[in-house]
Every structure is written in structure tokens, then in C-alpha cells.
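Heads up, the thing below is written out as C-alpha cells.
Lettering follows sequence order; numbering is per chain, from 1. All values below come from the heavy atoms of this structure, side chains included, with hydrogens, waters and symmetry mates left out.
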Protein chains: 2
Amino acid sequence: MTTPGDRAAGMASFFAPGSIAVAGVSSDPEKMGSIIFANLLENRQRGVLGSSVYAINPTHGSVMGQRAYASVGSLPEVPELLVIAVPGPQALGVIESAAKAGVKAAIVVTSGYAEAGRADAEARMAEISAESGMRILGPNTIGVVDMASGVDTLFLRPTKTLPDGTQVASLLKPLRGGIAIVSQSGHLGQALIEELTAGGVGIRALVGTGNQADVSAEDVMEYFADDPETKVIVLYLEGVRDGRKFLSAARRASRSKPVVVFKAGKTPGGARAALTHTASLVGNYDVYSAAFRQAGVVEAASFQELADFAMALLMLPKPAGGRLAVVTNAGGVGTIAIDEAQEAGLRTDPLGKGVADRIRSEFKGSGLVYNAALGNPVDLTASVSTEELVRVVEEVVSSDGYDLGVVLPTHQTPGIDPDVAIRLIPAIRGTGKPVCVCVVGRSELASRIHLEFMKAGIPSFPTPERAVRALAAALKYAQMQKERTSLALAAAPKRNARGTDVPFTREELASLLASHGVGEPHSMVIKTQADLMGLKKWRFPVACKLLSPDLPHKADVGGVVLGVRSPEEAGASLARFQSLARKRKVRFGGMLVQEMVEDALELIVGCTRDPTFGPVVAVGLGGTYTELVRGLSLAVAPVTPAWAKSMISGGSLGALLKGYRGGPRASTAQLAKTVSKFSQILLEHPEIQEIEVNPLMARGREMISIDARAARSA
Amino acid sequence: MTTPGDRAAGMASFFAPGSIAVAGVSSDPEKMGSIIFANLLENRQRGVLGSSVYAINPTHGSVMGQRAYASVGSLPEVPELLVIAVPGPQALGVIESAAKAGVKAAIVVTSGYAEAGRADAEARMAEISAESGMRILGPNTIGVVDMASGVDTLFLRPTKTLPDGTQVASLLKPLRGGIAIVSQSGHLGQALIEELTAGGVGIRALVGTGNQADVSAEDVMEYFADDPETKVIVLYLEGVRDGRKFLSAARRASRSKPVVVFKAGKTPGGARAALTHTASLVGNYDVYSAAFRQAGVVEAASFQELADFAMALLMLPKPAGGRLAVVTNAGGVGTIAIDEAQEAGLRTDPLGKGVADRIRSEFKGSGLVYNAALGNPVDLTASVSTEELVRVVEEVVSSDGYDLGVVLPTHQTPGIDPDVAIRLIPAIRGTGKPVCVCVVGRSELASRIHLEFMKAGIPSFPTPERAVRALAAALKYAQMQKERTSLALAAAPKRNARGTDVPFTREELASLLASHGVGEPHSMVIKTQADLMGLKKWRFPVACKLLSPDLPHKADVGGVVLGVRSPEEAGASLARFQSLARKRKVRFGGMLVQEMVEDALELIVGCTRDPTFGPVVAVGLGGTYTELVRGLSLAVAPVTPAWAKSMISGGSLGALLKGYRGGPRASTAQLAKTVSKFSQILLEHPEIQEIEVNPLMARGREMISIDARAARSA
């Protein structure tokens, strides 16, 4: 067995191996193994790839004009990296012999495993890797493209031949640059490359992680976190195996460079079993999204945004704040940009009077002053000249009132010269601020202007919405960097299946909650009419609840009576509960009498075990609206009080805590402390599958559980 | 003065005039007037334009080698259409003399009016138009491009000259087709043309409505509604002047052909920008969005969607339902498509067993069966061949289980031939169902495949999200066509400014509400301690409210006591209110005692006057959460009971009405009737500016006002 440190170090063999062999090179040049071998050979011959390259074919002594070896064992040296593109049934044997031979890393291109219902072979690959120390990427992966070393295992043909015999480019090859792509879909990895290449943006590497039998997206991310040539990490994720490992790897990576993620598989077709109340409120995707925030990772909402954000985070200087200036010579795009900015939470303050006056005086008597609207957007209208546009961009974007700029230079109007980009670039650079441009149109000139901006490192987009969102992403990353709090991620806790139905007793729960910051209202258990004497000095109204180990959902069957006004009324409830228990044939454990907590906010707080991330904590509005409003705030547990505060400060909950419209108020700081303490429960108690307090009454600094439930781990 | 019929008929002069003159043709070929004249002349010479064309220049006898006339009056004939591109200060004079001369239609390209703070000149244009019958488009407009008649007033140069002397295309010229574009931004109109042209899609016409001094987007939409060559109407709107006229024009147009709209100026900042841009009156965006639904118009959420939806609605057959099949040979894009489909409300049922079995037996023993995941998406993986892909698309999409298809044929894999589109097209057409494809990539082959699909009338998009949303838009249009209810839009009511502070009395409100379907709880007004005797037989608890004409917000100052349990407690409240009135120096109008309505849903219903659309009605959840949840459902008033039902049936409100989690329930049909009746109030009562019942307690068929307020019109 190897140490974690060895295993991390082993990753290097994928990227810069001394030697590479390809298993599955065939006489048919269209087979995946042949394409990969041809790529590597070409890179070797062009001097891009320094590694020696070998073909393995069990039956032919030569393929594609090159010597072929019958097996890994018959190669002149043990290859550091082995690419496996043999037919499905043979792959495992090749992996086993490679591990025995001392191969350091294997890329298993072969598919037909878990994705086709064959998971056991993957478990075996994980075992082989753990035993031998050989790292395995895949199976079902597109492999690795490393622009520095020349490793390229993509089995895609760069050109295809049309029926009439002409060759057309069927993909764009990557340029060398700073973006590292980690993708659980090989095709989308290539699609990202093409999107970047089309904009003249280069990549550091592409890694397809495939089915992740051994090497996971987390492992690759860790590698790029430490790689100085990597400036931005881009992740296409469908799911991670170990949520906590992902969270800590992403958190470490995002400390030194932007990480952008797009999560697909948000709405899994198979219905997830609803556990108890809290769990059913929370989809697995919501936990991912919460974990991304905790990791300081920027989440893209679409595949297009993933590419857009990567380019923006690569190119833009760090925003100092969120005040956006929009400068345009066409009103419509300016209006759209302002809409999108407000939607994205950016400020769109009007142009300062000083700046507007300077512009008016500089261009006194011109058509610009006659026509322009010097607000935000600054709309210079269709009659403006290139020179005027450039000057106004300088004045407006560099002014103290703004941190960010969007420039929308419509090139179709007569006054705008075709070299508008070349003339705007120094003006935009001169501001020193993050600026995106938007070039709308499909003409040759539009594409020329777009590429001129991109080449100059100014992100350019074809719609105003995308330009604004890219800026907002840059701001988000800067804000997350500022707000990093310590994140006490305990070791991954035991994962548990569905809980059993044996409920916790009221006393067990009360003591558990008490030790985690949640109190109980003044309470008493009454079993007989004689016990009612104990209520004499109580303040009414009170709540009466039927206690029975067999009735976890007592409210649904009439086992809760609120607003009981006297000991006599309580007596009536007692009689009713006793008869109810008889009728339902459940054990009667007495009647719980609790002082009613009034003038308090009704909240909900719960912890559950997510199958990917383990314990998560949720807090939000309680009562009827919990499910309707879907306003639960989530985090991977445990959370610090500072993080808990950020969870409860926004939105409806934040407004209610401050005493919304004269309603009850509660201490944000105290609730944050309570949530933080409560978020420890599942880490300390592996026997609990999930726990929920609903409602949690919050009043000032009091946090009181009116009802709580917990389920045992299986 | 002319009749509305005359005025509508007058619109034709913009599109197919017998003669056109351009005022403002200059010796400088770069001036707008010169570019327009050159365009028209070229179209005339090419035989595209049948109209005679004249140049007007007050000082030169000839311009651009053509004879120029000094004024409208000196032309050899009165032109049917006059294009005005003279400098700002001269435009009004030209318009006046044109109207006198009998010109039928004028396009005022000249800018610098309301958008630059000069609104009075526009008011004068409206007057001239009303008096003379001459229709005026603009000012500040890009004018008209009519692909049938050859009218083209765009002042944009199709090519520009680079510093090195080479010419580049600076815009794409439109193709002739079925999409009519109505745009309040000339630039975005041109951008739409380029987006469509790049996909090989043609337009019927483009009309920029500019500042809408006379001709509005509504007028143009009405024209295209009756135009047989127009298949889809696309609107870029910043704001409309007369919301009701827009609503009825859009409703009429959408009955016969799809109308797609993108509304900019959604946010306060964006609205301000739009105001300066086209000087349009921008109303509350939520009201616009409600009106779009009432009009049966498909709303696009972004500029990109506007183009996407237009193409989809032009090309796709009508969907029979919302069950989507996704077929792909790359897992990632398939997963994204399923996510987006569920987000968009489409059904993504798994592939039927029968179809899966047929595929397995047809391809028995092949790599396809070994690797493919026959679910939804149907993922054929990277090893599939073109032929297999085509067959599976046929089988899956044409199967009974699906109404819609998204096909994602990844062309980069070795097994996919470059003529994949040509081979998929008949298969897709053969299904007879609406199918969008997604071609991801930036290579020459990607663009070739994309265009092959587009040319065949199969909408193709570069990301899975856009393909799915386009299908969802087609479904939305089909559903809206099915669900059209009668819409009793009364004549536009008087518009009122903000109301005065003289409140309505309780009695006035109660009788008004009673006549509009809203009752009152059992109530009594008590002025003295002696009156308390009247409460003897009441059911307690009751609510006590201080009545004072000077205290509209009585709850905020302690003027409401809930849960009063006896006549004695009521007496205490009375004394308290009397002293409160004295202290606050407000008139004491007695104490209103009302039976408390328990076990009811707390709702809110209100009517207000929107500056653009006039009376609107809103209904939603009441109580504390009204503002937090922001779940109000809106419509332009009045609404039929059927429409009211559609307003309250969805979301949280719909769930609550049915008795959510054992809570109180109320009749959806009765609430719909009440909302419909209530929605009449502002139409019948011009003296009311707005009225709100909050809370409206709904219990079964009872609809009871606990508190109501109304403001008088100024």
C-alpha cells in the first residue's frame, strides 16, 4: 500500500511521463488506440513531446509503420504512462499486468463499465491501484492533453473527409495558455477547448476523469492547485465521490487561483427517498451549491457561462467593488446591460455630475452633447465618433464612482471606425479596472473587433448579458476571497443508509439539544388526572402533546392541542389522548404540557447526512411556509458561527430576524452560535442519521425547541 | 381628423409606397441621408424596389450624381413616403410641410428629441399626424426594411474600410423570409437580422419604432398580424405607451401567428436607461410580464432567446405535449439537456421498455448495445456509428412516449461521419415532431453541420440549454393557444396620478367590497362602555380596532387588539383606544368589534392603476409573508373567472388553497369568482386610485375582508 503523499506525487506521471505506451493500437487507423498513438507520435516527431512512445498490439509486429510490441512486458522499458484503449473485456487484464510490471500511471480510455451497469470491474481497478500504487485515470475517459509536455490522448480526429473527398476540420486544437480543464465529460472538455480556442484563449491542460475508479476530479484539482502554469481551474462536474475531499481540495485550490465549476445532473431522474422532513426539502444539488460557496468556488449556471467565466477570471484584474459603468453608442444594449447588472447584484449608480460636466465642456457644441444621455448607461447614440467614444470611456470608467465597466461599441454606425477596438484597448487598459466589452453582430468586422479585444486580454462577448455576468463572476470570486472564514471540516463521517424507525425519546432529544444550544419551553409530563395539580402555578395558555413511542407524527392524528387555557382544559386533553392511544393501539407515554412560546419567530433547523457530502446543516423559516417558500439555507457541517451568520443574514430570514414590520425579533449572533453548535451533532453522534427542530422558536437570545425529531442511523 | 381605420390603412405607405423621397441627402456620402438614398437607389436599380426615388437637398441641384430637389414642394410628384434625415432643428419644419403637401407617411430618422430631454417637439409631431392623417414613424428611428418591396432606410454601411485600405463587411444584410421584427432599438433590430442571417433565416421586414411620436409598436404589430407573408412577429420592447392597446393588438396577432417579445428596462435602473433611450413610458415589469401572458405572447428572457425562440417558432411543427426525448452520443450534453428540460417544466420520462427492447434486438451483439444507456437521455456513447445514431433517433423520437425531441449528435467522435446532418434530417422529419438539435463546437465541420440542419428547417443551437429552451417556448405558445380565455378588456380607463390622503370610510369600503364579492366578519361599532352590552351573545375571541378617519395605519400604533376574550376585555380595549385617540390627537370614531375568522387562509387581493396598463389586479398570500415571499399573481384588470383561476392555481397559493398539510382550505372556484368581480372595481370607480384587502380570509366559499384600505384618485 502507498501513502497519500505517494499517491498525490503519482499524479505527475499522467502529465510528464518519461515514456508512454498505448495498448490497443490497431491496423485500423480509425480505432481510438490508433488515433491516440498517431497523435503522440506526431507530437514526438514535432519535438513537442519528449517522452518515448510505444505501440502495443498482441498480434501484429508493426502498426502504422511503427514497431508494435505484444504486451507491456515485452516493451524495451517499463512505460511510466500506459494508455489503454483495448476492447472492453480485455482492459482489466491489461491493467493488472501493467500494475505488476511497475507502470506508474494508466489512462483507461475503454468504456462500458459503471455507465453501462458494470461497476464491479471498476471496484477491482480501485483495488489494483491501492495495492500497486499505479494511478488509474478512467475508465471511460478521454484522457489527458498537456500543452506543456505534449501528452495528448484524445481519440478525436482533427479532420474528417466529406463524401466528395474534401477534408474539413472537425475540431479546434487547443492553444497553450493558463486554463486547466477538469471534466467528467470528455466531449464537454473538448467543447470547452473549442470555445476557448475560438476566442484565442489557451489551456494549460485538459483532463477527462471519466468514471473515476481511482483518480477523481479532486485529485486532478489538487495537482493543478500547485501547478504554477495553471492560472484558472475549470471544472465540469456531474458528481463527486467524496464530497468532503472535494470541498477541501477546491477550497485549497481557490485560495491561490480562481476555480469555476458547472454542475450537471442537478435534477436526477430517479426520485431520491425522502427521509424525514428536512431531508425532503433539500435536493442533493442544493448541497453541492452550498459546498461550492463554502469552497470559494465560482459556480456557472450553464455550460456557456463556464467558458465565459473562465475567460473573464483569466483576463480581468481584481475588482475593488461592485459599481458598474456602462458606456455605449446604442441604447438598447445599454438598457439590457443595466437590467442584467441589477439582476446580478451590481450597483449601477448614475454618472457623477463632475464627470458629466467635464464631458459636456470637452465636447461643447458637438452632436455628442446634443444627443448623448450622460446617465448610466452613458448612451452616446448612433452619431458618435470613435474618438469621442474612446475619450468618454476613459473619463467614465476611470472615474472614482465606478469599479467595473462594460463597453458596448456598436461598430455598425457610420461614425465608428473599423479600428475601434485598437483605439479602445489602451483606453480600457488605462483605467486599470475590470472591463468587459460586448461586440454584437455576425459580420467579418464584428468577429475581427471581438478577436482584437480578446487578444488584448479584454474579455469580449456577443451579448450584453454575458458581458455583465462575466464581470459579476469576477466580483464574486474577489468577494469570496475576502470573506473566507475558517472552515472546520472534520474527517468524513461514517455514511449511513436510511434510518430505522425506532425514535429517540423526548428526554434523549431534549438533553442532546440542550447540549447544542437549543432549549426547551417550561415542560411537565402528566400521566394521570392527579398530576394536573402540578399545573396550578403555570402561566396559560399551554400546549398539550400526546407522548407515545409509536406516534412520531402526533400532530397529524390530533395528538397536539394548542392554546389550552386552564388545568381543567388540560385535563380534558389528557382524557382525549388516553382514549386516542387506546383507539390507535399505541403505547401511552403520558401528556407533555409545555408553556406556549409566543411572540417568537418560527424557524426550522436540521441536520441530515447527504450521500455525497455527509452531515449538512439547514436553517430557515419554519411553520407552514417552510416548504412553500423553500428558503432553507444549507451548508456542509460543521459550520463556524461566522459562516452560520452568513447563512442566516440574507433574504427573508435575515429580514425577519431584525423584526420585520413590528414582528418578533431574534438575535442573529445568537442564532448563528446555535446553528454552529447544532451543526456538530451528526459529527459527534454517528448513531443519528438526521435530526430536526421544527419549530425552533427564536425570541431575542432564546432558542427554544417546540418539537424535534431524530432518526437513527441504520 | 382621420378615422382609426384610415390610420391603420395609412401604415401600408411605409411598406409599399409608390414613391419615396429622402430629405437630408448630402454631398457627404457618409451622412445618414446619403446612405439611405444610396440604398434605395441601388434597390431601385437592381429592380428590387418598384417605387420612384427622389433626393431632397435645399442647396445643391444634384447629389451623388442624381438630381436633387430643394424641398418636398418642388418634387415632380408628392411622395407617398418621405424619409427625413435632416439635422435636428430642421426636422419639424420638414414634417409640417410634408403633411401640408399630402405626404402619406414620414420616417423621421433624425434624433435628439425626448431621449435627449426634448419631448415637446414630439408632441407637435403627434398633433401634425392626427390633424393631417400623415403617419409618422420615429423620430430617432432606423426606419423600415421591407424585403418584399425593397424599401430600406437603414443608415448603416454594409462595408467599412480598414486603415490598410481593405474592405470588410461591417454587417450582414437580411435574407427574405417570414420573420417580422419590430424593435424599439434600431441597433438590436439589426443585431437580430444578423443573428437570423447567420443561421440562414430570412426576415419579412424590420421596423424600428424609435420614439413612437405617432406610430407605435402596437400599430406595426397590427400591420404584420394581417400580413400573410409574416409567419412570426418578434418584438424588442423597452416600453409601450398604451398598455391596453398593446395588449389587444398582441392578443389579436398571437391568435394567428406566434409573437415573441423581449422586454428591456426591467429593473428601475434599466427602465431609466430605456426612458432616455426611446423616451418610452416604462411601467412596472411585473405588469408587462402578466400582460404578455394575457396576450398569449411568448416572452424571451434574454436577447439571445429572442432570436432563438423566433427561429424555433418559425420552424417547428406544433407540439402535442411536453414529453421530451433526448438522444445523444455524448453523456455530458445529454445530462445538461435533461436538467434544463426539468427546469423548463418539460417531462423527461425514461425510454419505454418496448422501444429499448427493439433497439437491443436490432443491434444485438454490437458495441452500441454493450455501451449505450437506453434511458433518458438515450446515451449511445462515443463508439456509436452514424447509421446506428440515425436509427435510434427514429425509433426513440417517433415512439408514442414522446412529443418533443432534442438530438445532440457529437460529430467529433470517430464513428460519426461528416454527413451526419444530411442523414439525420430525413429521420428527424419523419418523426413529424418538434425536434431541436444541438451542435457543439467551433470547427468548420461544426458550422457546416449546424447550417445543414438550419437549412432543412431543423432549429440548431450551440448549447443543449438553448435547444431545450427553444422547444419549451414552442410548447408554451401551443399551450397558450389552447388556454385562450375570453379577455374582457374594457376601454382604457382614466389614468390617475398618485391618490390623495382622504381615506374612504369603513362603511364606504364595506359596501363597495360587499358588491364585489368580499364580505365582512360579524361586526359592531361600539362608542361607549354602555354599548358593550351588545356583545353579550357574541362568540369570542373577537378583534377590536380603533376607528379614526385620521389613522389609516391603525395597527402600527396599537390600534388593533386581537384575541379579546370577553365583553370585559373589550371594555378595556375601548378605554385604551379612547385614551390613545386623545394622546395622538386624532378623532375617535368608535371601536370596531369583529368576530375573529379562524381556520382560514390569509390572502391579499388588491387593485391599482399602472401608469402603462391602467387597472391591474393582484392576488397572493397575505400576512407577514406577503412582502417576503413576493408571490403576488398579477393581471391587467378586469379578468374573467377562468383567468383568475389560472392566476391562483399554481405555486404556493394553489397548494395552500387545497388545504396544505392539514391547514385550512378554501374554494379555488369561489376565490376565482371573487378576484374576477373585485378586478372590476377600478374600472367602475374612477374615483379610486387603488384598493387593497389585506388580509382577505378565505375559508371554504367564504371570502372575508379583515382589513381594507383604498386611496382616492387625485
Side-chain angles (χ1 to χ4, degrees), chain A residues 30 111-112 115-116 156-157 160 162-163 168-172 185 187-188 190-191 194 198 238 264-267 302-304 330-332 334-336 338-339 342 348 370-371 373 375 377 379 381 410-412 414 418-419 440-445 463 465 624-625 628-629 652 655 660-661 663, chain B residues 30 111-112 115-116 156-157 160 162-163 168-172 185 187-188 190-191 194 198 238 264-267 269-270 273-274 276-277 302-304 330-332 335-336 339 342 370-371 373 381 410-412 414 418-419 440-445 448 463 465 624-625 628-629 652 655 660 663:
Chain A
E30 290 295 326
S111 64
E115 81 280 11
L156 307 173
R157 278 224 162 277
K160 293 205 172 180
L162 295 179
V168 284
S170 65
L171 53 78
L172 298 190
S185 154
H187 170 246
L188 285 175
Q190 172 61 29
E194 298 198 24
E238 294 184 350
K266 288 175 179 155
T267 52
S302 67
F303 179 72
Q304 185 65 63
T335 303
I336 297 173
I338 293 289
D339 278 345
Q342 296 196 352
T348 55
Y370 184 82
N371 286 319
D379 177 7
T381 80
T410 299
H411 57 275
Q412 292 96 335
D419 62 348
V440 181
R442 296 295 212 112
S443 64
E444 191 192 336
L445 183 57
T463 70
E465 290 100 330
T624 308
Y625 290 86
L628 293 175
V629 175
S652 306
Y660 185 77
R661 298 203 132 220
Chain B
E30 290 295 327
S111 64
E115 82 279 11
L156 307 174
R157 278 222 161 279
K160 294 204 172 181
L162 295 179
V168 285
S170 65
L171 52 80
L172 298 190
S185 155
H187 170 245
L188 285 175
Q190 172 61 27
E194 298 198 24
E238 295 185 347
K266 288 175 178 153
T267 60
T276 54
H277 176 217
S302 67
F303 180 72
Q304 184 66 62
T335 305
I336 296 173
D339 278 347
Q342 295 194 355
Y370 185 82
N371 286 319
T381 79
T410 299
H411 57 273
Q412 291 96 335
D419 61 350
V440 181
R442 297 294 212 114
S443 64
E444 192 192 333
L445 183 57
R448 178 185 282 265
T463 71
E465 290 100 330
T624 308
Y625 290 85
L628 292 175
V629 174
S652 306
Y660 186 76

Without swapping roles, check the side chain of [X] against the backbone of [Y] for a donor-acceptor pair under 3.5 Å.
X: B:Gln304; Y: A:Thr463; result: no
X: A:Asp339; Y: B:Ala264; result: no
X: B:Glu194; Y: A:Arg442; result: yes

Enter the distance from [X]:[atom1] to [Y]:[atom2] here, rounded to the nearest 0.5 Å.
X: B:Lys160; Y: A:Asp419; atom1: NZ; atom2: CG; answer: 10.0 Å
X: A:Ser443; Y: B:Gln190; atom1: OG; atom2: CD; answer: 8.5 Å
X: A:Leu171; Y: B:Gln412; atom1: CG; atom2: CD; answer: 6.0 Å

Below 4.5 Å from any heavy atom of chain B, which atoms of A:Leu188 appear? Answer side chain, backbone, both or neither. side chain
Among B:Gly441, B:Gly332, B:Pro163, who wins on heavy-atom pairs under 4.5 Å with chain A? B:Gly332
In terms of heavy-atom pairs under 4.5 Å, which option from A:Gly112, A:Gly375, A:Ala191, A:Ser185 contacts chain B the most? A:Gly112
For A:Asn371, all residues meeting side-chain contact (heavy atoms from CB on, under 4.5 Å), sequence neighbours excluded: A:Thr381, A:Ser383, B:Ser111
All side-chain contact (heavy atoms from CB on, under 4.5 Å) counterparts of A:Arg157, not counting sequence neighbours: A:Pro29, A:Glu30, A:Ile35
Which bit of B:Pro414 comes within less than 4.5 Å of chain A, counting heavy atoms only: side chain, backbone, both or neither? both
